[in-house]
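To start, the structure itself, in structure tokens.
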Amino acid sequence: MKYKTIIEPFRIKMVESIRMTTEKEREKFIKEAKYNLFLLKADDVIIDLLTDSGIAAMSSKQWSGMMIGDESYAGAKSWKKMESTIKDLTGYKHVLPTHQGRAAERILYGCMGGKGKTFISNTHFDTTRANIEFSNAEAIDCPTEIGKKPSAKHPFKGNMNVSKLTSTIKDKHQENVAGVILTVTNNSGGGQPVSMKNAREVSEICKKHNIPLIIDACRIAENAYFIKKREKEYKNHTYKEIAQEMFALADGCTMSAKKDGIVNMGGFLALNSQKLTEQCRNELIITEGFITYGGITGRDMEAIAIGLEEVFDPDYLQYRIASTTYLGKKLVQMGIPIMLPVGGHAVYIDAKSLYSHIPVDQYPGQALVCNLYLKGGIRSSEIGSVMFGKKEENGKRIYAPMELVRLAIPRRVYTQSHIDYVIEVFEQIKKEKIKAKGIKIVKEPKYLRHFTAHFKFI
Ligand SMILES: *Cc1c(COP(=O)(O)O)cnc(C)c1O
């Protein structure tokens with residue numbers, strides 16, 4: 001008998017209590033946090049869906065790995081283990097450890113970028129864009145048309161728009177295009193997968209124009225799950241084989257191990273080019289640490305090596321995607337507008353459509369994020385005009401094409417009843433939606449403003 005209930009494929013060995021709060025208390029907490037949920041105390045949150053990054057529950061195997069972590073300054077055993085796991089997975093010749101994904105991005109795009117250079121991606125993640133722009137280069141997104149429509153169904157909405165990629169290379173002149181970045185899954189575009197077919201086409205275009213292709217591999221295992229289920233020719237491949245094939249199409253990758261590495265801290269950069277590796281290693285030594293630890297402890301490198309294997313376990317991946325889909329399906333049944341189909345690590349609410357009475361210059365996404373906290377102590381994040389919009393030098397405000405709110409699901413952390421609670425809070429949100437007010441920004445920094453900006457209800 002094959003049962004339809006997909007259970008969490010683990011037992012819980014250690015627990016962490018959740019502190020319950022009342023709506024009255026939360027009104028005070030969010031006011032003190034200037035209506036920016038990044039500024040809340042984590043202890044004042046009941047269900048934390050702010051991100052899936054770095055808050056995974058490690059396995060007993062990873063914790064036992066922590067005990068044998070080799071903390072030698074140079075050439076540690078744990079480094080060797082992490083390096084060989086990554087070389088085996090990616091096939092790239094050189095691996096550079098970094099303390100998290102953005103450090104790998106800063107080093108790589110600092111070396112590849114600079115004034116007059118352009119990078120093109122299916123969608124640059126916020127830290128990727130910030131690091132590219134910080135080097136004075138330009139970051140251009142080329143998502144597909146269907147990827148921009150929240151309710152349109154397509155198996156690979158994370159794909160790169162290849163005709164736009166080609167025309168952008170032409171417009172910018174190929175010698176100015178420093179790199180093409182394929183983000184898998186496409187985080188900011190809705191956690192949507194990229195097909196192997198698309199990756200192959202992108203790879204061919206890059207080869208033809210002599211432009212390096214870099215994979216932002218944060219969720220490559222989740223992306224492999226969708227390829228196996230949705231791209232026929234891969235149905236008999238293992239998840240790891242699918243990931244390996246995708247890596248082989250590119251010249252290098254950056255990865256935040258805080259996502260599909262299932263650890264709390266760590267990342268890396270892997271490259272084929274000897275010359276670029278040498279440049280990056282110089283940067284690594286100055287800013288992160290020696291080339292065999294780059295800002296991470298030996299025990300963390302041990303945990304990354306184990307996590308990168310556990311993430312390709314078919315039972316794990318099935319549970320992982322099933323739990324995200326469960327939340328998405330229930331919200332759809334309730335009539336909450338979400339990005340469809342449901343992506344891998346998160347459910348994205350279309351706040352522009354849910355709060356259709358709130359104009360984009362009053363940030364409907366930020367309004368929903370605040371209301372989810374007030375009503376249920378749920379912390380989510382705005383992926384819309386607060387994150388991607390900006391204020392230009394002349395004071396003109398630019399808005400994002402979509403106003404999404406992300407409910408990111410941490411790996412192996414919450415059970416189904418936690419998710420059922422979230423669903424019940426949404427019933428309340430739906431009842432009160434007409435009463436929801438818009439938001440204004442009262443203080444904002446120049447880069448990554450969503451982390452520290454201050455807001456107010458209008
Ligand atoms: C998280 C993330 C990063 C940055 O990694 P950090 O470890 O948070 O610095 C880059 N790209 C994508 C797609 C991500 O999800």
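When a residue number appears, it is its place in the shown sequence, counting from 1. Just so you know, ligand 1 is whichever comes first in the structure, and atom 1 is the first atom listed for that ligand.
- Nearest non-hydrogen protein atom to atom 2 (C) of ligand 1 is K259 NZ, 2.4 Å.
- Checked by distance only, ligand 1 and T127 stay at 3.5 Å or farther apart across all their nitrogen or oxygen atoms.
- Nearest non-hydrogen protein atom to atom 10 (C) of ligand 1 is E105 OE2, 3.1 Å.
- When atom types are taken as modelled, the side chain of D315 and the backbone of P9 share no donor-acceptor pair closer than 3.5 angstrom.
- Between the side chains of N159 and H154, no donor N or O sits under 3.5 Å from an acceptor N or O.
- Atoms of ligand 1 lying under 4.0 Å from any heavy atom of T183, numbered from 1 in the order shown and given with element: 13 (C).
- Ligand 1 has at least one atom lying under 4.0 Å from a heavy atom of C218.
- Q274 and E278 are linked by a side-chain donor-acceptor pair at a separation below 3.5 angstrom, with hydrogens and angles left out of the test.
- At a 3.5 angstrom cut-off on N or O pairs, G266 does not count as close to ligand 1.
- For S195 and N198, the side-chain atoms include no donor-acceptor pair closer than 3.5 Å.
- Close N/O approach between D216 and ligand 1 is found [any backbone or side-chain N/O within under 3.5 Å].
- At a threshold of 4.0 Å, the pair E222-R411 counts as salt-bridged, since one of the basic side-chain nitrogens sits closer than that to a carboxylate oxygen.
- Among the candidates T185, I215, T183, the single residue satisfying the side chain to side chain contact (heavy atoms under 4.5 Å, CB included) test with N223 is T185.
- No side-chain donor from either of T98 and R106 sits under 3.5 Å from a side-chain acceptor of the other.
- The N/O atoms of S256, backbone and side chain alike, include one that comes under 3.5 Å of an N/O atom in ligand 1.
- At a 4.0 Å heavy-atom cut-off, ligand 1 touches R102 through backbone and side chain alike.
- Using a 4.0 Å cut-off between charged nitrogen and carboxylate oxygen, K80 and E83 count as a salt-bridge pair.
- Heavy-atom contacts of K258 reach the following atoms of ligand 1: 7 (O) (cutoff under 4.0 Å).
- At the top of the distance list for atom 6 (P) of ligand 1, counting protein heavy atoms only, stands Q100 NE2, 3.3 Å.
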